[in-house]
Amino acid sequence: MSTQFSSSLTAAFRSHVCGALRAEDVGKKVTLSGWVQNWRDHGGVIFIDLRDRYGLTQVVFNPENAPAAHELAHTLRSEFVIQVDGEVVNRPEGTVNANMATGEIEVLVAQFKVLNRAETPPFSIDETSEVGENVRLQYRYLDLRRQPLQEAMVVRHRVTKIVRDYLDNHNFLEIETPVLTKSTPEGARDYLVPSRTNLGSFFALPQSPQLFKQLLMVAGFDRYFQIVKCFRDEDLRADRQPEFTQIDMELAFVDQNDIITLVEGMIALIFKKIKDFDSAPPYPRIGYYDAINKYGLDAPDIRFDMHLVDLNSVFTETNFKVFRSVLDRKGIIKGLNLKGGAKLSRREIDELLEVVKIYGAKGLAWIKVNEDGWQSPIVKFFEESEVTALGQAMAAEVGDLLLFVADKPEITNESLGRLRLHLGEKMGLIDADKLAFCWVVDFPMFAWDEQEKRHTAIHHPFTAPLDEDLEKLESDPLAVKAKAYDLVLNGVEVGGGSIRIHDAETQAKVFSLLNISDDEAQEKFGFLLDALSFGAPPHGGIAFGLDRLMMLLLQRQSIREVIAFPKTQKATCLLSGAPNTVSPRQLRDLAIKKA
RNA sequence: GGGGGCGUAGUUAAGUUGGUUAUAACGCCGGCCUGUCACGCCGGAGACCGCGAGUUCGAGUCUCGUCGCUCCCGCCA
């Protein structure tokens, strides 16, 4: 980051920024403006650390040098905004501060002005110690003065700059799409905005610019991108906010490979420039089913191994009741081998049970592989042949802890997949500094929603099926795979996209499979179907979650640490008080009655 | 919709089996100090223990409710 832009500053306030001055500037007359970070009044000489976003400079008020300024300096307090005129001088022998970038020099003040006083802040700006998050959010503008958020905003800017430059170099155009748009079915809840000029009708805030960017492809803008806010009215998580930012892209005349290669270049550039990390594309590509089989989750963390092992074949003929009944109900049995885990206490194993329970597993069977044999509550139910086969399948060695879940496939996979991550953290199997990218590809097109008794789109209803699966669309929809791809980093989905359907006929077929009637499709998406009929080029795209990307780049635990003005878990803004009630007049204009 | 954690001076925390005047550190205010940079020294103010009920002779502590923050499940095409 450049701190040397003195020539562009308004000289009246600043000749330099705080953090710019070095030993070679000694002798210069300078003007600095900033906030009082800290003051040290020695009765005689007074020191102040003056802060702006570029750094700190120690300024000195000496009664012999400038008595009037020194007198006035007694009144200075935390976060006062001041402007000082003075001379850059070397610090006396032995008082150089090696911890400060500007630690070799100080500014000897000739005169200064208090530009603004400040109330005592509710928390110290320099302090890195913890402050309750509600206080931080209420005074977010003060929290933003602190180093972690300053860094986050700077890096965030740098990332978007890298993205814009990269995409500009690749012929992309940044084009804005509407924020007041049409509510779509499927997917997340929409944020709705009532229309005054069309009483009873509503706009929806976009969950993504999906439909409009496809229209831009039809319009001939063969490479589009936008760094854009998206809105989903769903409950929050540490990595989820109701409004979030996507790096959204769409390209025409490309296939999946083209897109993957192009964005790998962009991601690699970001990590190279921000973290000096060489991510070495091409990143591994993992089929969706492989990911589920080996990692239990569709966003695998490949920083460590410890794969899930499918044990159905071992127990095909088992008489162990628990496994038997699961297999009879088309469930699956899978295991994890925690190397060296036999030393875990009974209590620690019980804690692992609590982990899988969260994801619906009813139990967690275990075997300790000890020197003197297997210790386990369940082995006594196994045949000799099963014990042998199990040991082989799990590659069991003395000292291992074997863990099993038997349940419906989704539950077995997810709970063991999550347990794998839990153990990875707990047992220190994950190198926290590692960055492991992979693509997950060949997603299924549809999932069966048991509650609603219909197919739902795994990605979204505009995703194209693999060419070779086209014919299965009607005969066996659940077997159809999609031209969809997710970029996963350290087990976190940071981006996802697909090749889109570009002909109206296939699109209509997919809608009908999703149980969206012709009328409904026409009403909701008619404008897209129309557009597809006017010469839509083959196209596809991808969108990255900028906030999650920032979390990973900066190794922050919460998305709120990379967003300037985040919402609380109840989706409120503690700073502004949004959402709030509105006047009867406003409601009357919108013909809205309070419930 | 559900499960867990937290809520005590401005801030961060301590507070025993329920028991006199609720501790501390930092910050704040006043005084002293001419080389500090987590400046130092002396003194001081500052809390209806989130809010409301209940149990009790007595509640920061126990019970119930409620509000807020947070983590997770559901949800997030």
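All of these numbers come straight from a predicted model, not from anything done at the bench. Proteins come first, then strands; the chains are lettered A, B, ... in the order of their sequence lines, and each starts at number 1.
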Give the rounded distance in Å between these two atoms: CD of A/Gln37 and C1' of B/U36.
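It is 15 Å, rounded to the nearest whole Å.
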Closer than 3.5 angstrom, by distance alone: can the side chain of A/Gln207 be matched with the main-chain N or O of A/Ala188 as a donor-acceptor pair?
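A pair under 3.5 Å: yes.
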Would you check if the side chain of A/Thr412 reaches a backbone N or O of A/Asp407 as a donor-acceptor pair within less than 3.5 Å?
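Yes: the side chain of A/Thr412 pairs with the backbone of A/Asp407.
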Would you please determine if the base of B/U11 is stacked by A/Phe123, with stacking meaning a centroid separation under 5.5 angstrom and planes under 30 degrees?
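Here the ring of A/Phe123 and the base of B/U11 are not stacked, as the 5.5 Å and 30° limits are not both satisfied.
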For a quick test of reading the model: is some side-chain N or O of A/Arg240 closer than 4.0 Å to OP1 or OP2 of B/C75?
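Negative; the distance criterion is not met.
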With sugar-phosphate meaning primed atoms plus P, OP1 and OP2, does [X] contact a base, only sugar-phosphate, or nothing at under 4.0 Å between heavy atoms?
X        : answer
A/Arg560 : sugar-phosphate
A/Ile46  : nothing
A/Pro92  : base

Mapping A/Ser558 and A/Thr120 onto RNA chain B by nearest heavy atom, which one lands closer to the 5' end?
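It is A/Thr120 whose nearest nucleotide is closer to the 5' end.
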For nucleotides 3-9 of chain B, give me every protein contact, N/O to N/O, under 3.5 Å, one pair per line with atom names.
none

List the atom pairs, with distances to 0.1 Å, where a side-chain N or O of residues 240-247 of chain A and a protein N or O form a donor-acceptor pair under 3.5 Å, not counting sequence neighbours.
{"unit_1": "A/Arg240", "atom_1": "NE", "unit_2": "A/Asp235", "atom_2": "O", "d": "3.4"}
{"unit_1": "A/Arg240", "atom_1": "NH2", "unit_2": "A/Asp235", "atom_2": "O", "d": "2.8"}
{"unit_1": "A/Gln241", "atom_1": "OE1", "unit_2": "A/Lys567", "atom_2": "N", "d": "2.8"}
{"unit_1": "A/Gln241", "atom_1": "NE2", "unit_2": "A/Lys567", "atom_2": "O", "d": "3.0"}
{"unit_1": "A/Glu243", "atom_1": "OE1", "unit_2": "A/Lys229", "atom_2": "NZ", "d": "3.0"}
{"unit_1": "A/Glu243", "atom_1": "OE2", "unit_2": "A/Lys567", "atom_2": "NZ", "d": "3.0"}
{"unit_1": "A/Thr245", "atom_1": "OG1", "unit_2": "A/Arg156", "atom_2": "NH2", "d": "3.2"}

What about A/Arg77, does its side chain sit under 3.5 Å from the base of B/G27 through a donor-acceptor pair?
no
Short heteroatom pairs, N/O only, protein and nucleotides 37-47 of chain B, under 3.5 Å:
{"unit_1": "B/C37", "atom_1": "O4'", "unit_2": "A/Arg40", "atom_2": "NE", "d": "3.1"}
{"unit_1": "B/C37", "atom_1": "O2", "unit_2": "A/Gln58", "atom_2": "OE1", "d": "3.4"}
{"unit_1": "B/C37", "atom_1": "O2", "unit_2": "A/Asn97", "atom_2": "ND2", "d": "3.1"}
{"unit_1": "B/C37", "atom_1": "N3", "unit_2": "A/Arg91", "atom_2": "NH1", "d": "2.7"}
{"unit_1": "B/C37", "atom_1": "N4", "unit_2": "A/Thr95", "atom_2": "O", "d": "2.3"}
{"unit_1": "B/C39", "atom_1": "OP1", "unit_2": "A/Asn38", "atom_2": "ND2", "d": "3.4"}
{"unit_1": "B/C39", "atom_1": "OP2", "unit_2": "A/Asn38", "atom_2": "ND2", "d": "2.4"}
{"unit_1": "B/C39", "atom_1": "N4", "unit_2": "A/Asp41", "atom_2": "O", "d": "2.5"}

